[in-house]
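To start, the structure itself, in C-alpha coordinates.
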Amino acid sequence: DRIALEACDVTKTAFPPGHYDVLFAFNIVHGFDEVLNRQLLQTIAGTLKPGGMVYILDQLQPTGKRGAGTLLPLMVGINLLNETGGAIYSFSQIRGWCEAVGLNDVKERRLFLPGVSLISARKRS
(Lines give C-alpha, C1' and ligand atoms only; values in the text may rest on other atoms or scores of the structure.)
Protein backbone atom coordinates (compact mmCIF):
# COMPACT_ATOMS: atom_id res chain seq x y z
CA ASP A 1 0.00 0.00 0.00
CA ARG A 2 3.07 2.29 0.12
CA ILE A 3 4.33 1.67 -3.42
CA ALA A 4 2.68 3.03 -6.53
CA LEU A 5 3.75 2.42 -10.11
CA GLU A 6 2.36 4.91 -12.57
CA ALA A 7 2.57 4.53 -16.33
CA CYS A 8 2.75 7.99 -17.83
CA ASP A 9 4.37 10.35 -20.28
CA VAL A 10 6.86 12.07 -17.98
CA THR A 11 6.91 15.13 -20.24
CA LYS A 12 3.14 15.73 -19.91
CA THR A 13 1.90 14.25 -16.63
CA ALA A 14 1.12 16.63 -13.76
CA PHE A 15 2.43 15.02 -10.60
CA PRO A 16 1.15 16.09 -7.16
CA PRO A 17 3.61 18.46 -5.43
CA GLY A 18 5.41 17.21 -2.32
CA HIS A 19 3.81 13.78 -2.62
CA TYR A 20 6.56 11.18 -3.05
CA ASP A 21 9.30 9.88 -0.76
CA VAL A 22 11.25 8.25 -3.62
CA LEU A 23 11.17 8.53 -7.41
CA PHE A 24 12.97 6.30 -9.89
CA ALA A 25 13.97 7.78 -13.25
CA PHE A 26 15.42 4.78 -15.03
CA ASN A 27 16.63 5.05 -18.64
CA ILE A 28 14.95 8.40 -19.17
CA VAL A 29 17.63 11.12 -19.15
CA HIS A 30 19.46 9.88 -22.25
CA GLY A 31 16.30 10.19 -24.36
CA PHE A 32 15.90 13.94 -23.93
CA ASP A 33 17.85 17.07 -24.69
CA GLU A 34 19.33 19.21 -21.92
CA VAL A 35 16.37 21.63 -21.74
CA LEU A 36 13.82 18.85 -21.27
CA ASN A 37 16.03 17.10 -18.70
CA ARG A 38 16.26 20.29 -16.65
CA GLN A 39 12.46 20.60 -16.77
CA LEU A 40 12.06 16.95 -15.80
CA LEU A 41 14.34 17.34 -12.78
CA GLN A 42 12.46 20.49 -11.77
CA THR A 43 9.23 18.46 -11.85
CA ILE A 44 10.84 15.64 -9.87
CA ALA A 45 12.15 18.06 -7.24
CA GLY A 46 8.70 19.59 -6.87
CA THR A 47 7.08 16.18 -6.54
CA LEU A 48 9.37 14.94 -3.75
CA LYS A 49 8.69 15.47 -0.07
CA PRO A 50 11.45 17.30 1.85
CA GLY A 51 14.26 14.78 2.34
CA GLY A 52 12.88 12.62 -0.51
CA MET A 53 15.21 10.80 -2.89
CA VAL A 54 15.46 10.48 -6.64
CA TYR A 55 17.41 7.65 -8.24
CA ILE A 56 18.52 8.08 -11.85
CA LEU A 57 19.78 5.00 -13.69
CA ASP A 58 21.25 5.75 -17.08
CA GLN A 59 24.11 5.54 -19.54
CA LEU A 60 26.69 8.21 -18.69
CA GLN A 61 29.40 9.79 -20.74
CA PRO A 62 32.67 7.98 -20.11
CA THR A 63 35.36 9.74 -18.12
CA GLY A 64 39.07 9.10 -17.96
CA LYS A 65 40.91 6.57 -20.08
CA ARG A 66 39.11 5.32 -23.17
CA GLY A 67 38.93 1.60 -23.77
CA ALA A 68 36.59 -1.18 -24.81
CA GLY A 69 34.26 -0.44 -21.88
CA THR A 70 33.71 3.15 -23.03
CA LEU A 71 32.79 2.33 -26.62
CA LEU A 72 29.23 1.17 -25.89
CA PRO A 73 28.09 4.40 -24.16
CA LEU A 74 29.60 6.48 -26.97
CA MET A 75 27.76 4.44 -29.59
CA VAL A 76 24.53 4.74 -27.63
CA GLY A 77 25.03 8.52 -27.48
CA ILE A 78 25.46 8.81 -31.24
CA ASN A 79 22.33 6.72 -31.81
CA LEU A 80 20.27 8.74 -29.32
CA LEU A 81 21.31 12.04 -30.85
CA ASN A 82 20.35 10.76 -34.28
CA GLU A 83 17.05 9.13 -33.27
CA THR A 84 15.58 11.26 -30.47
CA GLY A 85 17.70 14.37 -29.98
CA GLY A 86 18.93 12.90 -26.69
CA ALA A 87 22.50 12.24 -25.67
CA ILE A 88 24.76 10.57 -23.16
CA TYR A 89 25.45 13.14 -20.43
CA SER A 90 28.23 13.33 -17.89
CA PHE A 91 27.74 12.91 -14.16
CA SER A 92 28.84 16.52 -13.62
CA GLN A 93 26.12 17.76 -16.01
CA ILE A 94 23.41 15.77 -14.25
CA ARG A 95 24.72 16.80 -10.83
CA GLY A 96 24.52 20.44 -11.93
CA TRP A 97 20.93 20.04 -13.10
CA CYS A 98 20.00 18.38 -9.80
CA GLU A 99 21.64 21.05 -7.66
CA ALA A 100 20.01 23.84 -9.70
CA VAL A 101 16.54 22.55 -8.72
CA GLY A 102 17.24 21.99 -5.02
CA LEU A 103 18.47 18.41 -5.03
CA ASN A 104 21.68 17.89 -3.07
CA ASP A 105 23.97 15.14 -1.85
CA VAL A 106 24.20 13.99 -5.48
CA LYS A 107 26.24 10.78 -5.77
CA GLU A 108 27.22 8.48 -8.60
CA ARG A 109 27.67 4.74 -8.34
CA ARG A 110 29.13 3.10 -11.43
CA LEU A 111 27.53 -0.25 -12.15
CA PHE A 112 28.95 -3.38 -13.73
CA LEU A 113 27.47 -2.68 -17.17
CA PRO A 114 29.74 -0.48 -19.33
CA GLY A 115 28.79 3.18 -18.96
CA VAL A 116 25.79 2.58 -16.68
CA SER A 117 25.55 4.48 -13.40
CA LEU A 118 23.06 4.96 -10.61
CA ILE A 119 22.81 8.55 -9.42
CA SER A 120 21.09 9.43 -6.16
CA ALA A 121 20.05 12.89 -4.98
CA ARG A 122 18.07 14.17 -1.99
CA LYS A 123 15.60 17.04 -1.85
CA ARG A 124 16.64 19.65 0.66
CA SER A 125 14.60 19.55 3.84
Side-chain angles (χ1 to χ4, degrees):
D1 65 328
R2 293 186 35 91
I3 297 174
L5 301 175
E6 298 182 30
C8 65
D9 179 340
V10 296
T11 64
K12 297 177 182 171
T13 301
F15 297 98
H19 183 75
Y20 297 105
D21 295 309
V22 177
L23 283 172
F24 297 101
F26 285 10
N27 293 311
I28 294 175
V29 171
H30 67 252
F32 301 129
D33 64 26
E34 186 171 341
V35 171
L36 196 51
N37 277 313
R38 288 176 178 269
Q39 292 170 352
L40 177 63
L41 286 168
Q42 179 69 51
T43 298
I44 287 171
T47 301
L48 287 171
K49 293 178 182 178
M53 297 289 296
V54 60
Y55 292 92
I56 301 166
L57 178 80
D58 223 306
Q59 294 272 340
L60 294 189
Q61 195 175 73
T63 57
K65 185 178 175 184
R66 305 237 184 224
T70 63
L71 182 58
L72 180 61
L74 293 172
M75 290 174 54
V76 169
I78 290 170
N79 184 55
L80 289 167
L81 180 61
N82 183 50
E83 297 294 322
T84 67
I88 299 297
Y89 300 99
S90 69
F91 170 67
S92 62
Q93 285 175 294
I94 297 171
R95 181 183 57 221
W97 303 340
C98 288
E99 291 172 347
V101 297
L103 299 170
N104 60 7
D105 196 24
V106 184
K107 297 177 184 170
E108 176 189 17
R109 181 175 179 204
R110 290 263 175 191
L111 302 181
F112 179 71
L113 297 169
V116 177
S117 287
L118 180 66
I119 297 172
S120 61
R122 181 179 308 278
K123 183 174 181 176
R124 292 184 185 115
S125 299

task = Assess whether side chain to side chain contact (heavy atoms under 4.5 Å, CB included) is satisfied between Glu99 and Asn104, documenting all intermediate values.
result = CA-CA 6 Å; Glu99 291 172 347; Asn104 60 7; 5.5 Å; no
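- Two residues are said to be in side-chain contact when any heavy atoms from C-beta on lie closer than 4.5 Å; Ile119 and Leu60 meet this criterion.
- Here the CG-CE distance, from Leu103 to Met53, works out to 9.5 Å after rounding to the nearest 0.5 Å.
- Asp58 contributes atom CG, which lies 8.5 Å from atom CD1 of Ile28 (distance to the nearest 0.5 angstrom).
- Across all their heavy atoms, Ala121 and Cys98 have their closest contact at CB-SG, 4.3 Å.
- With sequence neighbours left out, the side-chain hydrogen bond (donor to acceptor under 3.5 Å, both in side chains) criterion links Asn37 to no other residue.
- Sorted by first and then second residue, the side-chain hydrogen bond (donor to acceptor under 3.5 Å, both in side chains) pairs with a member in residues 114-124 read Glu108-Ser117; sequence neighbours excluded.
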Which atom pairs, one a donor and one an acceptor, fall under 3.5 Å between side chains of residues 20-27 and the rest of the protein, sequence neighbours left out?
| unit_1 | atom_1 | unit_2 | atom_2 | d |
| --- | --- | --- | --- | --- |
| Tyr20 | OH | Glu6 | OE2 | 2.6 |

message = Under the criterion side chain to side chain contact (heavy atoms under 4.5 Å, CB included), I'd like the reasoning laid out for Leu48 against Ile44: C-alpha separation, chi angles, the key distance, then a yes or no.
response = CA-CA 6 Å; Leu48 287 171; Ile44 287 171; 4.2 Å; yes
Test log, rule side chain to side chain contact (heavy atoms under 4.5 Å, CB included), inputs Ile56 and Val29 = CA-CA 8 Å; Ile56 301 166; Val29 171; 3.8 Å; yes
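- At least one side-chain heavy atom of Leu111 sits under 4.5 Å from a side-chain heavy atom of Leu57.
- Within the model, atoms OH of Tyr55 and CZ of Arg109 stand 11.0 Å from one another, a figure rounded to the nearest 0.5 Å.
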Under 3.5 Å, side-chain donor or acceptor atoms of residues 7-19 against the rest of the protein: list the pairs with distances, not counting sequence neighbours.
| unit_1 | atom_1 | unit_2 | atom_2 | d |
| --- | --- | --- | --- | --- |
| Asp9 | OD1 | Thr11 | N | 2.9 |
| Asp9 | OD1 | Thr11 | OG1 | 2.5 |
| Asp9 | OD2 | Thr11 | OG1 | 3.4 |
| Thr13 | OG1 | Asp9 | O | 3.0 |

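- Every side-chain contact (heavy atoms from CB on, under 4.5 Å) that Gln93 has, sequence neighbours left out, goes to Glu34, Tyr89, Ser90, Trp97.
- Here the CZ atom belonging to Arg38 is positioned 11.5 Å from the CD1 atom belonging to Ile94, to the nearest 0.5 angstrom.
- Contacts classified as ring pair (Phe, Tyr, Trp, His ring centres under 6.0 Å) and involving residues 106-125 (residues at least two apart or in different chains) are not found.
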